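The model shown is predicted, which means the values in this text are computed figures rather than measured ones. Note that ligands are numbered from 1 as they come in the structure, with each ligand's atoms numbered from 1 the same way.
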Amino acid sequence: MKLWNVLVTGGAGYVGSALIPELIREGHKVTVLDLYLYGEVFDELKGHPNLREVRGDLRDIDVVKDALAGCDCVIHLACISNDPSYDLDPNLGKSINYDAFLPLVKASKAAGVKRFIYASSSSVYGVKDDPEVHEDLPLEPLTDYSKFKALCEQELNAEAGPDFTVCTIRPSTVCGYAKRQRLDVVVNIFTNQAVNNGRIRVTGGPQKRPNIHIMDMVRVYLHLLQQPDSAINRKIWNAGDTNFPISELAEIVRKVVGDHVTIETVPTNDPRSYQVSGRKIREEIGFELKYTIEDAVRGLVEAMKAGKLTDPLNNPEYFNIKLMQQLKLQ
Ligand SMILES: NC(=O)c1ccc[n+]([C@@H]2O[C@H](COP(=O)([O-])OP(=O)(O)OC[C@H]3O[C@@H](n4cnc5c(N)ncnc54)[C@H](O)[C@@H]3O)[C@@H](O)[C@H]2O)c1
């Protein structure tokens, strides 16, 4: 197995909190660069010789250079990571999600990083009628969050070189339990409502949404680390291949949580539906999904029953927009 010295920006976020322990378990050395907006997540790994935590802002190039010392790979997750949080302060969102991007890429190159993996988003496609939204379709981002994700993809590919392999992943919406929990993504929202309210509220119903289990998301990044440069360089792949109508997502949640859960459906004037295909990453580098939506719901229910989440209906830590409103980050 190829072992890396990986810098994970945003490593203390939802995906990072599940990824870091797995990277360490595989034997990689890990540096996390994060503002820890959502709090501490690595208590169980404190003092681990393969974990270095840098608490800082990726917009500060000196902090970035310090974090990059000794790293040969970057997985770039940090950002203001949904539309409402981005729109709360578009200047802040742009400064983190876009303005800081190229300086990070260039600093990585200068520091001798060999591989740079970027977490984009399947929202770059906008809403498409195509039954299979694949990577070669034109991008029609509908929001600034998505527009800057798309721009970063282009800028990253332009930086690729013989000693600098780059790869972009466009994840579906992530679901399931992680140490730093998000409860503002659709499957997790429904599960939270079902467990703690006994009632799921569905807006619309037939619209399809792509989702990926958080451990499959983690497995994508682990898989990329084991591929040869030539297999991933300048590649852009969707991650996720599970597209259910949201009414069906609610049914899946009810099936796991129990028949006592009621589903309330309210009409929407936004019937947009989309689904993404995970065929390309499967065919080109053999990445197969392993977990289902049921697995994600079960994991969350178990975590809630075990008391791992504190006041899940109201705690702002679980809802990016609520926390960003409180933090007033500049
Ligand atoms: N979660 C999803 O459903 C999903 C779907 C598609 C794409 N993605 C992408 O995957 C990545 C990870 O998503 P997530 O759900 O873990 O997000 P998250 O919001 O949980 O984590 C983002 C992390 O970035 C950190 N951060 C923000 N600004 C920073 C800055 N200026 N300097 C340093 N750290 C900073 C935050 O403290 C946080 O820990 C993001 O790029 C996101 O756009 C996520």
Please report, to 0.1 Å, the donor-acceptor pairs under 3.5 Å made by any side chain of residues 214-226, with sequence neighbours excluded.
from	atom 1	to	atom 2	distance (Å)
D216	OD1	R219	NH1	2.6
D216	OD1	K290	N	2.9
D216	OD2	K290	N	3.1
D216	OD2	Y291	N	2.9
R219	NH1	E288	O	3.0
R219	NH2	E288	O	3.2
H223	NE2	Q227	NE2	3.3
H223	NE2	I285	O	2.6
Q226	OE1	K2	N	2.9
Q226	NE2	K2	O	3.0

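Atoms of ligand 1 found under 4.0 Å from any heavy atom of V15, numbered from 1 in the order shown, are 16 (O). Atoms of ligand 1 found under 4.0 Å from any heavy atom of G13, numbered from 1 in the order shown, are 16 (O), 20 (O), 21 (O), 38 (C), 39 (O). Within ligand 1, counting atoms from 1 as listed, the ones closer than 4.0 Å to a heavy atom of S81 are 17 (O), 18 (P), 19 (O), 42 (C), 43 (O). For ligand 1, the atoms sitting less than 4.0 Å from at least one non-hydrogen atom of T173 are 3 (O), numbered in the order shown with element in parentheses. Residue-ligand proximity, S172 to ligand 1, at heavy-atom distances under 4.0 Å covers atoms 5 (C), 6 (C). The ligand atoms of ligand 1 that sit less than 4.0 angstrom from a heavy atom of V174 are 1 (N), 2 (C), 3 (O), 4 (C). Counting the atoms of ligand 1 from 1 in the order shown, those under 4.0 Å from a heavy atom of R182 are 1 (N), 14 (P), 15 (O), 17 (O), 20 (O). Every atom of ligand 1 with a heavy atom of D57 under 4.0 Å away is listed here by number and element: 30 (C), 31 (N), 32 (N).
In this structure, R170 does not count as a contact residue of ligand 1, since none of its heavy atoms falls inside 4.0 Å of the ligand. Contact analysis puts G56 in contact with ligand 1, with a non-hydrogen atom separation below 4.0 angstrom. Put simply, part of S120 is less than 4.0 Å from ligand 1, judged by heavy atoms.
Nearest to atom 42 (C) of ligand 1 by heavy-atom distance, out of Y318, Y145, Y38, is Y145.
Summary of contacts: the protein heavy atom closest to atom 6 (C) of ligand 1 is P171 O, 3.5 Å. The protein heavy atom nearest to atom 22 (C) of ligand 1 is C79 O, 3.8 Å. For atom 32 (N) of ligand 1, the closest non-hydrogen atom of the protein is L58 N, 3.0 Å. With respect to atom 10 (O) of ligand 1, the closest heavy atom belonging to the protein is A119 CB, 3.7 Å. If you check which protein heavy atom lies closest to atom 25 (C) of ligand 1, you get D34 OD1, 3.4 Å. The nearest protein atom to atom 34 (N) of ligand 1, hydrogens excluded, is given as L35 N, 3.2 Å; this is a heavy-atom distance. In terms of protein heavy-atom proximity, atom 12 (C) of ligand 1 is nearest to L77 O, 3.7 Å.
Only the backbone of Y36 comes within 4.0 Å of ligand 1, counting heavy atoms alone; no side-chain atom from C-beta on gets that close. Under 4.0 Å from ligand 1, the heavy atoms of R180 that appear belong solely to its side chain. Residue contacts with ligand 1 for N320 involve side-chain atoms from C-beta outward but no N, CA, C or O (heavy atoms, distance under 4.0 Å). Of the heavy atoms in Y118, none comes closer than 4.0 Å to ligand 1. The proximity of H76 to ligand 1, defined as any non-hydrogen pair under 4.0 Å, does not occur for either the backbone or the side chain. When non-hydrogen atoms are compared, ligand 1 lies under 4.0 Å from the side chain of I96 (C-beta onward) but not from its backbone.
Residues Y118 and F101 bring their aromatic ring centres within 6.0 Å.
The CG atom of D144 lies 7.0 Å from the CG atom of D87; values are rounded to the nearest 0.5 Å. Residue Y86 holds its OH atom at 7.5 Å from NZ of K94, rounded to the nearest 0.5 Å.
Between the side chains of T143 and D83, at least one donor-acceptor pair of N or O atoms lies under 3.5 Å. Side chain to side chain, N233 and D229 fail the donor-acceptor criterion of an N or O pair below 3.5 Å.
Per-atom contact check: atom 27 (C) of ligand 1 touches the protein, criterion being a heavy-atom distance below 4.0 Å.
Electrostatic pairing of K46 and E53 counts as a salt bridge here, judged by a charged N lying under 4.0 Å from a carboxylate O. Salt-bridge formation is not detected for the pair R279/E135: no Lys NZ or Arg NE/NH1/NH2 atom is positioned less than 4.0 Å from an Asp or Glu carboxylate oxygen.
Shown here for N314 and K322, the closest heavy-atom pair between the two residues is O-NZ, 4.2 Å.
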